[in-house]
Amino acid sequence: MTAAFDSPLDTITLTGLRASGFHGVLEEERRNGQVFVIDVIVHLDLRAAADTDDLEQTVHYGALAEDVVAAVESDPVDLIETVAERVASVALAHASVKVVVVTIHKPSAPITVPFDDVAVTITRFADASPRTTIGFG
């Protein structure tokens, strides 16, 4: 998974987190649930953490992983787009995170033709006008 922009920021990447959820528009999805796979890339400046060797200067990726899984496993919704927004909000709640890219995979989606995966990817910014701060024209 790669970000859709060139960022001067550093990244922490969580790939393949698994969470059980009851999201979907079909009654069987809400009743039976399924496994969702989540990828999260947080963009932040890691220089202070590297210079000081201080966990407080970065994002504790273990805690972030637990927060992401909890967000996916919480209240059922119809769309994985909504789940992705929820995960983005969790990541952006960490003060050092400037940008987050979230992909929600639904490998057991109720599709009638052979497929490997269905996924939604969103990019969200902590700043209301981020494009000028990370090199967008």
Side-chain angles (χ1 to χ4, degrees):
M1 181 170 70
T2 61
F5 55 88
D6 291 325
S7 171
L9 297 171
D10 307 307
T11 61
I12 294 174
T13 303
L14 299 173
T15 305
L17 297 172
R18 286 176 172 50
S20 297
F22 294 85
H23 311 293
V25 295
L26 300 179
E27 183 179 323
E28 66 191 47
E29 294 177 290
R30 293 294 184 104
R31 182 179 57 250
N32 300 331
Q34 60 192 286
V35 172
F36 294 85
V37 180
I38 310 99
D39 302 326
V40 178
I41 301 173
V42 292
H43 295 262
L44 63 167
D45 188 339
L46 294 174
R47 288 178 288 193
D51 290 345
T52 63
D53 199 34
D54 181 5
L55 181 60
E56 296 299 316
Q57 300 297 319
T58 185
V59 172
H60 185 303
Y61 50 78
L64 177 60
E66 291 173 1
D67 292 345
V68 166
V69 168
V72 174
E73 291 183 342
S74 67
D75 304 324
V77 294
D78 288 344
L79 304 177
I80 59 174
E81 291 86 336
T82 306
V83 178
E85 287 288 348
R86 186 184 292 167
V87 170
S89 294
V90 163
L92 289 171
H94 295 266
S96 59
V97 175
K98 305 303 181 204
V99 182
V100 62
V101 179
V102 175
T103 301
I104 304 291
H105 302 266
K106 192 173 181 180
S108 298
I111 296 175
T112 60
V113 298
F115 75 101
D116 289 329
D117 191 20
V118 171
V120 167
T121 300
I122 65 170
T123 303
R124 297 295 178 263
F125 300 86
D127 184 340
S129 57
R131 296 181 192 287
T132 57
T133 62
I134 60 170
F136 284 75

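When a residue number appears, it is its place in the shown sequence, counting from 1.
Every residue two or more places apart in sequence or in another chain that forms a ring pair (Phe, Tyr, Trp, His ring centres under 6.0 Å) with H23 is listed here: F36. Among residues two or more places apart in sequence or in another chain, the salt bridge (Lys or Arg N to Asp or Glu O under 4.0 Å) test is passed with R124 by E85. Every residue was checked against the salt bridge (Lys or Arg N to Asp or Glu O under 4.0 Å) condition with E56, not counting sequence neighbours, and none meets it. Considering only residues two or more places apart in sequence or on other chains, D45 meets the salt bridge (Lys or Arg N to Asp or Glu O under 4.0 Å) condition with R47. Every residue meeting the side-chain hydrogen bond (donor to acceptor under 3.5 Å, both in side chains) condition with E27, not counting sequence neighbours, appears here in chain and number order: R31. Scored by the side-chain hydrogen bond (donor to acceptor under 3.5 Å, both in side chains) test, T52 finds no partners at all (sequence neighbours excluded).
Using a 4.5 Å cut-off between side-chain heavy atoms of Ile, Leu, Val, Met, Phe, Trp and Tyr, with links allowed through other members, V77 and I104 fall into the same hydrophobic cluster. Put simply, V68 and V37 are part of two different groups of oily side chains (I, L, V, M, F, W, Y) that touch within less than 4.5 Å, one to the next.
Cluster note: V35 groups with no other residue, as no ILVMFWY side-chain heavy atom lies under 4.5 Å from it. Hydrophobic cluster membership of I111, counting Ile, Leu, Val, Met, Phe, Trp and Tyr whose side-chain heavy atoms lie under 4.5 Å apart directly or via other members: V113, F115, V118.
Using modelled atom types, one side-chain atom of D39 and one backbone atom of G16 make a donor-acceptor pair closer than 3.5 Å.
Among residues at least two apart or in separate chains, there is no salt bridge (Lys or Arg N to Asp or Glu O under 4.0 Å) pair with a member in residues 113-123. Each salt bridge (Lys or Arg N to Asp or Glu O under 4.0 Å) pair with one or both residues in residues 58-79, not counting sequence neighbours, appears once here: R30-D78. Listed by first then second residue, pairs satisfying salt bridge (Lys or Arg N to Asp or Glu O under 4.0 Å) with a partner in residues 17-26 number zero, not counting sequence neighbours.
Nearest heavy atom pair, residue P110 against residue E29, reads CD-OE2, 3.2 Å. Of all heavy-atom pairs between A91 and V42, the closest is CB-CG1, 3.9 Å. When all heavy atoms of Q57 and A48 are compared, the pair lying nearest together is OE1-CB, 3.6 Å. Looking at every heavy atom in both residues, S74 comes nearest to R86 through OG-NH1, 2.9 Å.
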Quiz: residues 58-65 side-chain donor-acceptor pairs under 3.5 angstrom, not counting sequence neighbours:
unit_1: H60; atom_1: ND1; unit_2: G62; atom_2: N; d: 3.1
unit_1: H60; atom_1: ND1; unit_2: A63; atom_2: N; d: 2.9

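Counting only heavy atoms from C-beta outward, the side chains of L46 and I12 approach each other to under 4.5 Å. In this structure the side chain of V101 reaches within 4.5 angstrom of the side chain of T121, judged on heavy atoms. Looking only at side-chain heavy atoms (C-beta outward), H94 and L44 stay at 4.5 Å or farther from each other.
Checking T123, I122, L92 one by one against V100, the side chain to side chain contact (heavy atoms under 4.5 Å, CB included) holds for a single residue, L92.
H43 contributes atom NE2, which lies 7.5 Å from atom OG1 of T13 (distance to the nearest 0.5 angstrom).
Taking a 6.0 Å sphere around CG of D53, one finds it holds 12 or fewer heavy atoms contributed by other residues, nucleotides or ligands.
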